[in-house]
Amino acid sequence: MNKENPRQEIEDAIDAGDLNRLLKMNGMLHGHFCPFSAIGVKAAARAVRELGVRSTGMEEVVAIVETNNCFSDGIQFVTGCSFGNNALIYRDFGKTAFTLAKRSGEGIRISVRADRVTEERSPEATELWEKVVVKRSGNEADNKRLNELWKEMAFRILELTDEEVFDIKKVTVDVPAYARIFTSVKCSVCGENVMEPRARMKDGKHICLACSNQEYYQLAGDGISTVTR
Ligand SMILES: [Zn+2]
Ligand SMILES: [Zn+2]
């Protein structure tokens with residue numbers, strides 16, 4: 001293994017067009033094998049190859065995801081644009097689509113024909129999906145069986161042609177500036193350090209959002225919302 005590049009194995013698999021290997025590795029991040037993580041892997045590999053980009057996690061390439069479902073983990077893993085390295089931009093559109101862009105703004109948007117992906121679901125898988133995921137009323141055997149079916153479906157989906165499942169467009173993107181580095185201040189209530197622009201002032205002292213009882217943004221399963229304590 002190349003010690004200089006921690007993403008060498010991923011890049012080799014992208015270059016070789018080895019989607020099976022990418023999906024297997026993505027399981028380490030995602031925790032299970034499922035259709036939408038598979039389609040994320042497939043879309044990301046296509047965009048990376050087509051744009052000819054490499055990510056070292058320094059924002060030289062950015063991914064804009066339009067959903068926070070399983071799809072997004074395939075995108076993060078294969079493109080190397082992640083929540084933590086500031087190269088992942090999240091637009092709360094609820095669409096299974098993403099754009100990969102260079103800093104120059106040259107980009108590719110891939111939107112997934114989600115109904116085509118769902119067509120691959122067998123009646124048994126659909127029934128179990130309702131029971132286990134939607135109603136959260138599955139037992140251990142149901143969970144196990146759904147996992148098996150999902151895994152089969154995930155690897156099968158990789159075999160579909162890109163044209164069947166994707167709409168691919170060249171786009172020009174307004175790429176945000178590099179993430180700024182902010183100084184920290186200390187919250188006068190809890191004593192924790194907080195990034196300066198997130199701190200508020202109370203009685204002439206810094207106070208963090210958690211201690212201030214003010215509204216803040218939260219990204220959760222339902223998307224971005226404002227929360228007040
Ligand atoms: Zn999943
Ligand atoms: Zn505080």
Side-chain angles (χ1 to χ4, degrees), residues 19-45 63 65-79 82-83 88 90 94-98 112 114-122 124-136 138 142-158 160 165 182-223 227-229:
L19 296 180
N20 281 299
R21 204 164 117 217
L22 287 171
L23 181 57
K24 272 183 208 146
M25 288 193 279
N26 181 61
M28 288 190 272
L29 170 69
H30 191 57
H32 60 252
F33 298 102
C34 65
F36 279 90
S37 66
I39 210 75
V41 162
K42 188 174 168 71
V65 292
E66 299 179 24
T67 176
N68 60 339
N69 73 20
C70 301
F71 177 75
S72 300
D73 271 352
I75 302 300
Q76 290 192 83
F77 182 77
V78 173
T79 64
S82 77
F83 184 69
L88 186 77
Y90 177 62
K95 292 165 98 173
T96 308
F98 101 107
V112 175
D115 39 3
R116 177 66 190 85
V117 176
T118 315
E119 269 171 30
E120 289 294 307
R121 210 149 76 179
S122 66
E124 187 189 1
T126 304
E127 204 176 298
L128 278 170
W129 161 266
E130 280 289 324
K131 193 171 170 191
V132 174
V133 183
V134 181
K135 296 187 182 129
R136 299 204 183 266
D142 295 330
N143 276 319
K144 195 164 168 266
R145 180 65 185 141
L146 181 61
N147 262 315
E148 283 169 12
L149 292 171
W150 256 0
K151 187 174 177 182
E152 278 169 28
M153 190 175 153
F155 284 91
R156 196 168 68 239
I157 276 168
L158 297 179
L160 299 174
V165 278
F182 294 105
T183 51
S184 291
V185 295
K186 221 177 248 307
C187 170
S188 57
V189 177
C190 67
E192 290 180 356
N193 280 319
V194 49
M195 190 173 133
E196 217 247 321
R198 292 293 175 280
R200 300 292 178 260
M201 294 303 280
K202 195 185 177 194
D203 304 329
K205 290 177 184 160
H206 288 294
I207 183 169
C208 77
L209 277 170
C211 293
S212 73
N213 293 320
Q214 286 187 36
E215 237 179 22
Y216 59 90
Y217 295 111
Q218 174 170 284
L219 171 61
D222 284 350
V227 184
T228 324
R229 287 197 143 197

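Note that ligands are numbered from 1 as they come in the structure, with each ligand's atoms numbered from 1 the same way.
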Checklist line | Over 12 foreign heavy atoms within 6.0 Å of CZ, R198 | finding: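 No, the 6.0 Å shell around CZ holds no more than 12 heavy atoms from other groups.
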Mark yes or no for whether [X], through its side chain, and [Y], through its backbone, hold a donor-acceptor pair below 3.5 Å.
X    : Y    : value
R156 : E120 : yes
N68  : A220 : yes
Q76  : F83  : yes

Note to self: Less than 2.8 Å away from the Zn ion (ligand 1), how many protein N/O/S atoms can be counted, ignoring water?
What the structure shows: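 Protein N, O or S neighbours of the Zn ion (ligand 1) under 2.8 Å, waters not counted, come to 4.
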Checklist line | With S72 via side-chain contact (heavy atoms from CB on, under 4.5 Å) - residues at least two apart | finding: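 By the side-chain contact (heavy atoms from CB on, under 4.5 Å) rule, S72 matches V65, T67.
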Checklist line | Parallel, tilted or perpendicular: ring planes of W150 versus W129, cut at 30 and 60 degrees | finding: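 Geometry flag for W129 against W150: tilted rings.
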Notebook entry, point to check: Would you say S37 and L23 make side-chain contact, with heavy atoms under 4.5 Å?
Noted result: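 Of all side-chain heavy-atom pairs linking L23 with S37, at least one is under 4.5 Å.
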Check: When you check the gap from the basic side-chain N to the acidic O, do E148 and R145 get nearer than 4.0 Å?
Finding: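 Between R145 and E148 there is a salt bridge, with a charged N closer than 4.0 Å to a carboxylate O.
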Note to self: Restricting to ring-ring contact (aromatic ring centres under 6.0 Å, His included), what partner residues turn up for H30, sequence neighbours left out?
What the structure shows: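 Scan of H30 (ring-ring contact (aromatic ring centres under 6.0 Å, His included), adjacent residues dropped) gives H32.
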Next item on the list: Measure distances from the Zn ion (ligand 2) and count the protein N, O or S atoms below 2.8 Å.
Entry: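 My tally for this metal is 4.
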